[in-house]
Amino acid sequence: MSDLLKIADKTYGSRLLVGTGKYQDFAQTRAAIDASGAEIITVAIRRTNIGQTAGEPSLLDFLPPEEFTYLPNTAGCYSADEAVRTLRLARELLDGHKLVKLEVLGDPNTLYPNMIETIAAAKVLVKDGFDVMVYCSDDPIIAKQLEEIGCCAVMPLASLIGSGMGILNPWNLQIIIANANIPVLVDAGVGTASDAAIAMELGCQGVLMNTAIAAARDPVLMARAMKKAVEAGRDAYLAGRMPKKLYSASPSSPSAGLISSV
Amino acid sequence: MSDLLKIADKTYGSRLLVGTGKYQDFAQTRAAIDASGAEIITVAIRRTNIGQTAGEPSLLDFLPPEEFTYLPNTAGCYSADEAVRTLRLARELLDGHKLVKLEVLGDPNTLYPNMIETIAAAKVLVKDGFDVMVYCSDDPIIAKQLEEIGCCAVMPLASLIGSGMGILNPWNLQIIIANANIPVLVDAGVGTASDAAIAMELGCQGVLMNTAIAAARDPVLMARAMKKAVEAGRDAYLAGRMPKKLYSASPSSPSAGLISSV
Amino acid sequence: MSDLLKIADKTYGSRLLVGTGKYQDFAQTRAAIDASGAEIITVAIRRTNIGQTAGEPSLLDFLPPEEFTYLPNTAGCYSADEAVRTLRLARELLDGHKLVKLEVLGDPNTLYPNMIETIAAAKVLVKDGFDVMVYCSDDPIIAKQLEEIGCCAVMPLASLIGSGMGILNPWNLQIIIANANIPVLVDAGVGTASDAAIAMELGCQGVLMNTAIAAARDPVLMARAMKKAVEAGRDAYLAGRMPKKLYSASPSSPSAGLISSV
Amino acid sequence: MSDLLKIADKTYGSRLLVGTGKYQDFAQTRAAIDASGAEIITVAIRRTNIGQTAGEPSLLDFLPPEEFTYLPNTAGCYSADEAVRTLRLARELLDGHKLVKLEVLGDPNTLYPNMIETIAAAKVLVKDGFDVMVYCSDDPIIAKQLEEIGCCAVMPLASLIGSGMGILNPWNLQIIIANANIPVLVDAGVGTASDAAIAMELGCQGVLMNTAIAAARDPVLMARAMKKAVEAGRDAYLAGRMPKKLYSASPSSPSAGLISSV
Amino acid sequence: MQRTIQLTINGKPRNFDAEIFSVASLVTMLDLEGKRLAIECNGEIVPRSQFEQTQLEDGDKLEIVGAVGGG
Amino acid sequence: MQRTIQLTINGKPRNFDAEIFSVASLVTMLDLEGKRLAIECNGEIVPRSQFEQTQLEDGDKLEIVGAVGGG
Amino acid sequence: MQRTIQLTINGKPRNFDAEIFSVASLVTMLDLEGKRLAIECNGEIVPRSQFEQTQLEDGDKLEIVGAVGGG
Amino acid sequence: MQRTIQLTINGKPRNFDAEIFSVASLVTMLDLEGKRLAIECNGEIVPRSQFEQTQLEDGDKLEIVGAVGGG
């Protein structure tokens with residue numbers, strides 16, 4: 001089908017992007033990601049465990065970079081500088097890979113993004129040749145500024161990372177989407193399938209999630225639910241929903257031709 | 001897969017039930033129903049157009065009763081008596097078919113059900129051997145009474161017929177579902193895909209809709225969206241969603257192993 | 001001021017009706033009711049504690065029937081018969097007092113009303129000469145039937161008794177209010193001041209509550225809050241609120257006469 | 001009473017701040033402000049109409065600066081520079097008055113604030129000795145940064161200026177309030193009385209509004225509604241609301257002592 | 001000379017000149033043969049199996065219905 | 001010797017030795033005089049005005065109620 | 001013969017024939033005496049206390065503002 | 001006798017006795033050969049292609065990172 005997600009000149013069939021954290025083990029990670037149908041998966045950059053037994057399996061053994069588009073993130077970074085250094089390491093690690101997720105947090109309790117630092121980092125990374133998908137607040141003006149800086153996608157939060165609260169402010173998302181000339185994806189806050197569907201119905205180009213799948217009782221089944229929900233929401237958006245009205249007075253069955261009372 | 005919808009001792013693979021009204025033509029009706037994957041379809045009973053050209057095609061030519069489970073309804077009835085007579089005609093029309101949708105309306109503006117008349121009709125129909133799927137308000141006590149009368153499924157409204165307002169009172173639905181020993185399906189009010197997903201996430205056994213599909217800009221695409229949304233919502237319900245919490249403070253990426261500032 | 005609440009040909013300055021249960025002691029009950037400004041207060045009818053020390057103070061000593069309009073209720077009744085008997089006793093107890101609150105519950109877990117029994121009781125009580133203010137579900141058709149039976153006020157729930165969940169389905173309330181020719185009061189479910197204001201903004205004639213005040217940390221202060229909230233909501237309803245619009249583009253300060261950049 | 005609003009070492013009895021724009025005439029402006037009980041009123045700074053008839057009345061004739069605390073704003077400014085110049089003119093205009101409302105807009109369609117420019121202006125103004133009450137987005141991190149810069153109050157939006165949409169994201173407001181050591185006031189978006197009550201119940205120190213009053217059918221009556229709503233919300237916040245629970249099973253009337261069926 | 005009877009069919013009165021006159025023959029007359037329909041006469045269902053035997057009389061009220069699209 | 005009668009009052013059986021025995025005397029006996037209450041005997045209200053005349057008999061079921069705090 | 005200077009006041013150019021020409025005299029000329037206003041000249045505030053001493057020159061850009069209703 | 005140098009690797013100081021000492025040899029020493037990793041020395045990336053040529057000196061701070069599961 002021709003309804004593809006396009007990010008930085010590359011197209012993807014799936015509009016669901018998933019994280020690789022918080023799973024029981026690599027096998028479950030892989031099973032869930034397969035069920036989700038995701039083509040883009042986020043990874044974190046962390047210090048190598050020096051002296052670990054050489055043979056120990058790694059995430060990349062289960063999720064070969066040839067099969068998936070890796071999206072290295074800067075989770076855990078609280079300053080522009082850390083974020084930039086982390087992504088330069090990621091680029092080296094992934095042989096010059098340019099597509100990255102920028103995320104600079106504001107505080108460890110809420111994990112809300114620090115948009116001032118995020119903007120600073122985005123400027124450096126764009127100049128440095130990265131394709132920056134940027135995690136951001138749902139501030140429509142800042143989202144536009146990130147587009148003007150040259151980010152390839154803006155990813156406003158639905159609600160706090162790991163909260164599962166769903167889309168707290170769909171109105172801001174609507175404004176961001178209406179003004180954007182680059183893809184808008186919802187990142188963070190999705191808790192269940194309907195949340196993902198709502199995001200897509202608002203006109204988002206995609207949804208990125210991790211906890212909603214990894215922290216479900218049955219992550220693999222939830223991954224499948226999310227795949228369908230994102231597709232359902234996208235289809236509904238394209239199909240054009242019926243108008244809402246408190247009073248319809250328009251029955252689904254014809255009003256004429258009723259039998260008369262005896 | 002073994003997660004089937006069971007109504008009156010018959011099982012169905014699809015949990016989406018659809019109406020057949022309000023479409024452009026029979027071809028579109030059929031295309032949309034195919035896209036929806038629905039196995040149970042509602043039909044209305046109306047006076048035959050006497051003197052119509054014998055050859056004129058009928059709904060049944062496009063939707064053969066052999067292929068689908070027909071669910072004749074009593075749309076447009078405002079009294080128990082009309083409803084009972086209408087369904088007896090339906091049973092004769094469909095060669096003794098017992099599965100019916102009872103719906104007695106309270107007024108033509110809101111199309112809200114008249115539960116007093118609905119209860120009266122339900123008693124007669126159950127005694128008369130019908131398998132009654134009953135359209136009802138979201139009153140948990142009345143829903144339970146309808147179960148005790150012997151209805152085979154209760155179908156509370158999400159919101160007014162044809163309104164597309166979605167699920168206005170999920171709390172009442174939760175109570176109805178928690179207390180029910182028969183299938184609970186949401187009927188009426190669904191407007192877009194996420195509404196259907198939410199209904200299933202609440203624990204409904206299925207969703208019945210007509211306008212949301214027929215009145216979409218592209219009914220066939222919306223039908224497909226609804227199919228996926230119902231499946232997504234069901235999967236999410238079975239997968240067990242993550243808990244909601246305003247503050248998570250639990251990032252998806254490990255907190256250890258961060259690089260240190262230079 | 002001339003904006004009075006009229007129930008069964010009697011007028012009241014306050015649109016806040018309060019219960020007298022769940023307080024620490026009679027002194028707190030009285031203090032809270034004074035702070036609330038309520039003129040109508042509900043009381044329950046219970047077996048007299050035989051052999052209690054004659055001198056023990058009673059509710060009526062603190063809230064003399066001469067000062068307040070008593071509204072005896074049928075709380076705890078699960079059948080029409082109990083409710084009718086209880087209110088006949090109440091009438092005898094209060095020297096022929098006719099104004100009563102009818103409430104027939106459906107089950108002890110949800111305390112949701114049983115509308116079938118409620119309707120049966122209402123018919124008997126109205127014929128018997130009572131002025132019946134009836135606690136009911138938010139079913140617009142049943143609310144209208146209760147009006148036709150001759151009740152002097154319908155009192156749909158905002159949410160379950162004692163839940164403090166606020167107004168779960170404002171749309172049904174709107175329909176009830178739009179169709180009613182008798183006062184509509186919200187009864188049950190109000191949890192905090194804004195809930196009461198919302199009820200009044202919807203066009204309710206009044207609000208009845210008990211737990212929201214009695215179970216607050218500071219019942220007397222909450223009673224004052226509720227008094228103001230009901231008045232605020234009523235004023236706002238009468239004042240006619242501004243229209244809602246996602247985009248305003250209409251600043252509160254003039255767009256002309258701005259200084260120009262140097 | 002001792003529950004006073006304290007801003008920049010000055011205390012106020014009223015927690016409702018109002019704008020002076022969009023009224024029919026100065027007489028209505030004054031009447032509405034009197035009804036609102038507001039002590040702090042916002043004014044805009046605009047070019048004097050040169051050659052206007054000398055005698056023409058001005059806003060200040062109706063609202064003497066001796067009676068009210070003026071809060072000059074920067075409405076209409078789209079850059080830090082304009083905002084700073086405007087407030088310096090305001091200070092000169094009002095004889096060295098230091099308390100100001102900083103507001104830098106991001107675009108003329110949404111009137112959403114530009115937080116980058118706002119932060120830049122706040123730094124200059126604080127250094128320049130102003131007491132800055134700052135209109136801002138509901139971004140908790142930026143709200144905290146504005147406090148650290150030295151603003152005397154943060155005023156996050158409830159929803160877009162002039163939209164009347166109410167509080168779209170109470171969760172962000174909760175976080176801002178929980179983290180703040182300076183007063184948090186809701187500014188913009190309030191549409192009716194209950195919106196103001198909700199803001200106060202969340203723990204805001206005050207509410208600033210203009211359109212909700214000026215654009216009501218009866219501005220003076222709505223002003224009174226807002227006064228009561230802000231007080232009601234504040235009282236409810238201080239009184240400590242009852243807990244919410246879907247199921248209560250705790251009737252307001254005693255469960256014991258019911259009459260038994262005959 | 002020939003008798004006529006009046007039937008009310010789906011709310012409309014119609015005259016028929018009728019000797020022996022059954023529901024079955026009415027169906028034929030109305031060109032409804034083979035169509036999937038159900039008939040009620042004076043509020044009572046007439047089972048398809050009874051079309052032949054069921055005689056119609058002057059003043060009978062008939063409802064002849066089919067299935068149409070509905071929700 | 002003396003007759004006894006049993007009454008069920010608010011659900012509890014109680015014995016009384018009774019000659020002429022009215023609702024009024026019961027109220028006195030129970031020390032409820034002057035209290036605001038209403039009485040039902042075997043499901044029927046006994047108006048206060050009838051307390052004197054109303055004789056109680058063995059086996060009568062009485063409900064004696066008052067107003068309490070409630071919502 | 002007489003010198004003229006051009007000032008831009010609130011965005012509009014205006015010509016004045018001016019010998020010694022202060023902000024104070026401009027305020028008088030514009031009939032704004034006693035009005036509550038503030039003046040910026042070329043982006044710099046002119047304190048009311050400086051109106052007398054502050055001389056205006058050809059090309060000066062002035063903003064003369066007051067308070068109006070706003071939210 | 002033999003020189004020693006101290007390096008800080010991923011935050012931990014470690015001593016090495018070193019003649020000619022390159023990043024490449026460090027990787028071997030740490031048994032990280034063939035692993036997918038990236039190295040930063042004193043805040044600057046060391047491209048894999050430069051591992052051989054890049055000499056380490058006493059006091060160098062190194063970050064050696066890999067990809068792990070994250071959201």
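For the numbers below, each heavy atom of this structure counts, side chains included, while hydrogens, waters and symmetry mates do not. This is a predicted model, so every value here is computed, not measured. Below, chain A is the first sequence line, B the second, and so on; all start at residue 1.
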Among the listed options [options], the residue most often paired with chain C at heavy-atom distances under 4.5 Å:
options	value
D:Ile213, D:Asp218, D:Leu221, D:Asn210	D:Leu221
D:Ala188, D:Pro254, D:Ala212	D:Pro254
D:Asp107, D:Ile198, D:Thr192	D:Thr192

Report the option among [options] that has the most heavy-atom pairs separated by less than 4.5 Å from atoms of chain D.
options	value
C:Gly21, C:Gly189, C:Gly76, C:Ala193	C:Ala193
C:Pro243, C:Ala215, C:Pro219, C:Ser159	C:Ala215
C:Ala216, C:Ala229, C:Ala75, C:Ala44	C:Ala216
C:Ala197, C:Ala196, C:Ser253, C:Cys77	C:Ser253
C:Met200, C:Met165, C:Glu201, C:Met222	C:Glu201

For C:Ala232 and D:Lys228, work out which heavy atoms get closest and say how close.
CB-CB, 3.8 Å

What are the two closest non-hydrogen atoms of D:Met242 and C:Val190, and how far apart are they?
SD-O, 4.1 Å

Donor-acceptor under 3.5 Å ([X] side chain, [Y] main chain):
X	Y	value
D:Glu231	C:Ala225	no
D:Arg241	C:Gly164	yes
D:Arg46	C:Ala256	yes
C:Arg217	D:Leu238	yes

Quick one: what part of D:Asn73 sits under 4.5 Å from any heavy atom of chain C, side chain, backbone, both or neither?
side chain

Tell me, side chain or backbone of D:Leu168 under 4.5 Å from chain C's heavy atoms, or both, or neither?
neither

Any side-chain donor near an acceptor of the partner, D:Ser252 and C:Thr211, under 3.5 Å:
yes

Quick check on C:Tyr237: does its OH atom have over 12 non-hydrogen neighbours (other residues, nucleotides or ligands) under 6.0 Å away?
no

